[in-house]
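All heavy atoms count here, side chains included; hydrogens, waters and symmetry mates do not.
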Amino acid sequence: MTLKGFLGLRCPVCERARVFRGYFDTPEKCPECGYFFMRETGYFLPHTPIGYIFTVGVSLAVWLLLEYGFGVRSSAAIIGAMIAAGAGFGIWFARYAKMIWLAIDLRLHPPTQEDFLPRGRQTNRDASGRR
C-alpha cells in the first residue's frame, strides 16, 4: 500500500477503488478487484484500539499545547478543548484506523487467491444485488 493510496482511502490491494462508501461504512469487499476485506467475523475490531491510541495522543497534545504553549491555566477550558478535539479527531480518524488495520493485516497475511472468493461469506446484499 502506498501513502497516496492510504491517504486517499483506496483499496490496499489494487489501489483503484475507494474502500468506504459512507463515513462509518465497514467495507465487505473491493468493488474493483473483488478482494474480501472481511476475512472473519469481527475482522475490523482491532481498529478500535488503534483509533483510541491516536485519539488519546491528540487529546494529550492539545493539553500540552494549551498549558505550556499558550499558558492557559483554566482546567475547565483545557479539559473542554481536550474533549472537543478528541471527539472530533476520533470521528474523523475512524476510517484511517481501519486503513491502518488493513495495512498491518495485509503485511502480516498477504492476500491469497482465497481472499478473492466468497467462500460462504455472508454479504449484505439483497436478491437484486443492491445493499
Side-chain angles (χ1 to χ4, degrees):
M1 175 186 310
T2 64
L3 182 60
K4 182 180 176 184
F6 174 79
L7 294 175
L9 300 170
R10 301 285 180 191
C11 171
V13 176
C14 70
E15 294 194 5
R16 292 187 306 249
R18 293 187 62 82
V19 173
F20 303 98
R21 279 179 261 193
Y23 201 82
F24 294 109
D25 182 31
T26 299
E28 284 178 15
K29 70 177 192 170
C30 175
E32 194 72 31
C33 69
Y35 175 77
F36 277 90
F37 299 115
M38 293 291 247
R39 293 184 178 197
E40 58 196 22
T41 302
Y43 174 76
F44 279 104
L45 283 177
H47 93 281
T48 305
I50 293 169
Y52 178 78
I53 290 167
F54 278 88
T55 301
V56 167
V58 166
S59 294
L60 289 176
V62 167
W63 165 62
L64 292 172
L65 181 66
L66 290 177
E67 181 139 352
Y68 299 107
F70 294 109
V72 176
R73 296 291 174 225
S74 169
S75 295
I78 291 173
I79 289 173
M82 288 174 68
I83 290 170
F89 179 81
I91 291 169
W92 174 81
F93 191 70
R95 295 186 301 174
Y96 288 100
K98 289 179 182 180
M99 290 297 291
I100 290 171
W101 170 243
L102 277 171
I104 291 169
D105 186 53
L106 287 172
R107 174 66 89 176
L108 296 173
H109 307 103
T112 64
Q113 189 60 34
E114 287 184 348
D115 294 321
F116 294 88
L117 304 173
R119 295 185 317 174
R121 291 180 176 101
Q122 296 294 321
T123 62
N124 292 333
R125 302 200 184 281
D126 61 18
S128 67
R130 286 181 267 152
R131 275 189 170 258

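- Residue pairs meeting the salt bridge (Lys or Arg N to Asp or Glu O under 4.0 Å) criterion with at least one member in residues 80-95: none, sequence neighbours excluded.
- Residues V58 and W92 are members of one and the same hydrophobic cluster, defined by side-chain heavy-atom contacts under 4.5 angstrom among Ile, Leu, Val, Met, Phe, Trp and Tyr.
- Looking at every heavy atom in both residues, A103 comes nearest to M1 through CB-CE, 3.8 Å.
- Residues L9 and M99 come closest through the heavy atom pair CD2-CG, 3.5 Å.
- Nearest heavy-atom pair, A85 versus V62, reported as atom, atom and distance to 0.1 Å: CB-CG2, 3.6 Å.
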Would you mind writing out the side-chain donor-acceptor pairs for residues 65-82 within the sub-3.5 Å range, not counting sequence neighbours?
residue, atom, partner, partner atom, Å
E67, OE1, W63, NE1, 3.1
S74, OG, A77, N, 3.2

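- For T41, the side-chain contact (heavy atoms from CB on, under 4.5 Å) criterion is met by no residue, not counting sequence neighbours.
- Grouping the Ile, Leu, Val, Met, Phe, Trp and Tyr side chains by contacts below 4.5 angstrom, directly or via other members, places I53 apart from I91.
- Take R16 and apply the salt bridge (Lys or Arg N to Asp or Glu O under 4.0 Å) test, not counting sequence neighbours, and it matches E32.
- With sequence neighbours left out, Y35 forms a ring pair (Phe, Tyr, Trp, His ring centres under 6.0 Å) with F37, F116.
- Applying the ring-ring contact (aromatic ring centres under 6.0 Å, His included) test to every pair with at least one member in residues 4-34, sequence neighbours left out, gives these pairs: F6-Y96.
- For P31, the side-chain contact (heavy atoms from CB on, under 4.5 Å) test picks out A17, with sequence neighbours left out.
- Inter-residue side-chain proximity for M38 and F44 is flagged as met; some heavy-atom pair is nearer than 4.5 Å.
- When hydrophobic clusters are built by joining Ile, Leu, Val, Met, Phe, Trp and Tyr residues whose side-chain heavy atoms come closer than 4.5 Å, directly or via intermediates, L45 is not grouped with I50.
- Atom NZ of K29 and atom CG of L117 lie 10.0 Å apart (nearest 0.5 Å).
- Among pairs with a residue in residues 42-60, those fulfilling side-chain hydrogen bond (donor to acceptor under 3.5 Å, both in side chains) read Y43-D105, at least two apart in sequence or across chains.
- Residue pairs meeting the salt bridge (Lys or Arg N to Asp or Glu O under 4.0 Å) criterion with at least one partner in residues 75-90, sequence neighbours excluded, do not occur; the list is empty.
- Every ring pair (Phe, Tyr, Trp, His ring centres under 6.0 Å) that F54 has, sequence neighbours left out, goes to F93.
- For the pair C30 and V13, the minimum side-chain heavy-atom distance is 4.5 Å or more.
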